[in-house]
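Worksheet for the structure shown next.
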Amino acid sequence: MSDFVLKTSNLSYQYPKGSRLSFQDLLLSDQQHTLVLGDSGSGKSTLLNLIAGFSSPTSGEVIINGQNLYSLSGSELDKFRAQHLGFIFQEAHLLRNLTVSENIKLAQSLAGLSVDADAVKTLLEKLQLGGFENRKPNELSRGQVQRVAIARALINKPSLLVADEPTAALDDKNTFLVVELLKELAKDQGSTLLISTHDKRLKDEFTNNYILAAQ
Ligand code: ADP
Ligand code: MG
């Protein structure tokens with residue numbers, strides 16, 4: 001077992017018609033909480049998408065729990081991601097024809113795990129979503145939708161939880177609430193947390209900051 005959960009080296013990404021983005025190396029130890037801070041356009045989403053294996057880097061490596069992400073085939077990568085990683089997007093991307101609990105159970109199935117209705121219920125209650133199990137996403141507030149997305153990312157107890165501007169669509173009160181909740185749940189489950197934001201006020205909530213320079 002390696003002593004770090006995530007290691008990136010020499011990562012860069014070239015958009016077909018854009019400039020090349022290069023990233024300082026990241027090394028996250030087990031259960032560490034890290035904030036990626038950068039203005040809009042500084043490369044937060046690009047970096048987090050590379051870390052989660054949603055896009056392949058032009059150069060460099062991503063190693064999660066000792067596994068080089070980009071040496072995996074497409075289907076191996078999907079399975080590895082489902083088992084080791086939780087990802088929270090700026091917009092929740094829930095499946096709108098499924099209920100709250102069906103959205104979360106789907107994440108269990110996709111990871112090849114059996115559906116654990118009790119675990120889903122317990123997690124939803126922790127996120128103050130008890131009683132909302134059978135609602136569809138369009139019957140929820142923005143804050144509730146984002147908490148469902150958090151539940152979906154956490155249900156398989158990922159060792160690495162990656163959240164790309166999870167508070168961007170929320171008001172101030174919900175912003176701090178969601179950040180505290182993410183930290184608390186990550187701690188409970190023993191997940192390493194990597195969260196990005198442009199909101200400099202969140203800097204003091206984290207001891208480990210990774211600042212993205214304007215590119
Ligand atoms: P952030 O998430 O910090 O706002 P992004 O990672 O989305 O930043 O973008 C970083 C840079 O890459 C920006 O200059 C942006 O314009 C550029 N970029 C993002 N997506 C694309 C794309 N699909 N094609 C070309 N350039 C892109
Ligand atoms: Mg972004």
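In each ligand, atom 1 is the first atom listed, and ligand 1 is the first ligand listed.
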Residue pairs meeting salt bridge (charged side-chain N to carboxylate O under 4.0 Å, His left out), one or both in residues 161-173, sequence neighbours left out, come to Lys44-Glu165, Asp172-Arg201
Legend entry - Any side-chain heavy-atom pair of Leu50 and Tyr13 under 4.5 Å: yes
Quick note on ligand 1: atoms under 4.0 Å from a heavy atom of Ser40 include exactly 4 (O)
So is there a nitrogen or oxygen of Lys44 less than 3.5 Å from a nitrogen or oxygen in ligand 1? yes
Closest non-hydrogen contact found for Ser12 with Ser22 is CB-OG, 3.9 Å
So, leaving waters aside, the tally of protein N/O/S atoms less than 2.8 Å from the Mg ion (ligand 2) stands at 1
If you take the centroid of each ring, where Trp contributes its six-membered ring, are Phe89 and Phe54 closer together than 6.0 Å? yes
message: Does either side chain, that of Asn65 or that of His84, offer a donor lying less than 3.5 Å from an acceptor on the other one?
response: yes
Any heavy atom of Asp39 under 4.0 Å from ligand 1? The part involved is backbone
If we number the atoms of ligand 1 from 1 as shown, the ones under 4.0 Å from a heavy atom of Thr46 are 5 (P), 6 (O), 9 (O), 10 (C)
Between Asp188 and Lys157, is there a side-chain N and carboxylate O pair less than 4.0 Å apart? no
Of Pro16, Ser19, Gly43, Ser55, the one whose closest heavy atom lies nearest atom 8 (O) of ligand 1 is Gly43
A student checking ligand 1 against Leu21 at a 4.0 Å heavy-atom cut-off should list atoms 10 (C), 11 (C), 12 (O)
Check this for me: does any side-chain nitrogen of one of Asp118 and Lys121 sit under 4.0 Å from a carboxylate oxygen of the other?
no
- Query: For Glu125 and Thr122, does a side-chain donor sit closer than 3.5 Å to a side-chain acceptor?
  - Reply: no
If you compare Ser196, Gly38, Gly41 by their heavy atoms, the one closest to atom 1 (P) of ligand 1 turns out to be Gly41
Q | Shared hydrophobic cluster for Leu182 and Leu170 (ILVMFWY, side-chain gaps under 4.5 Å) | A | yes
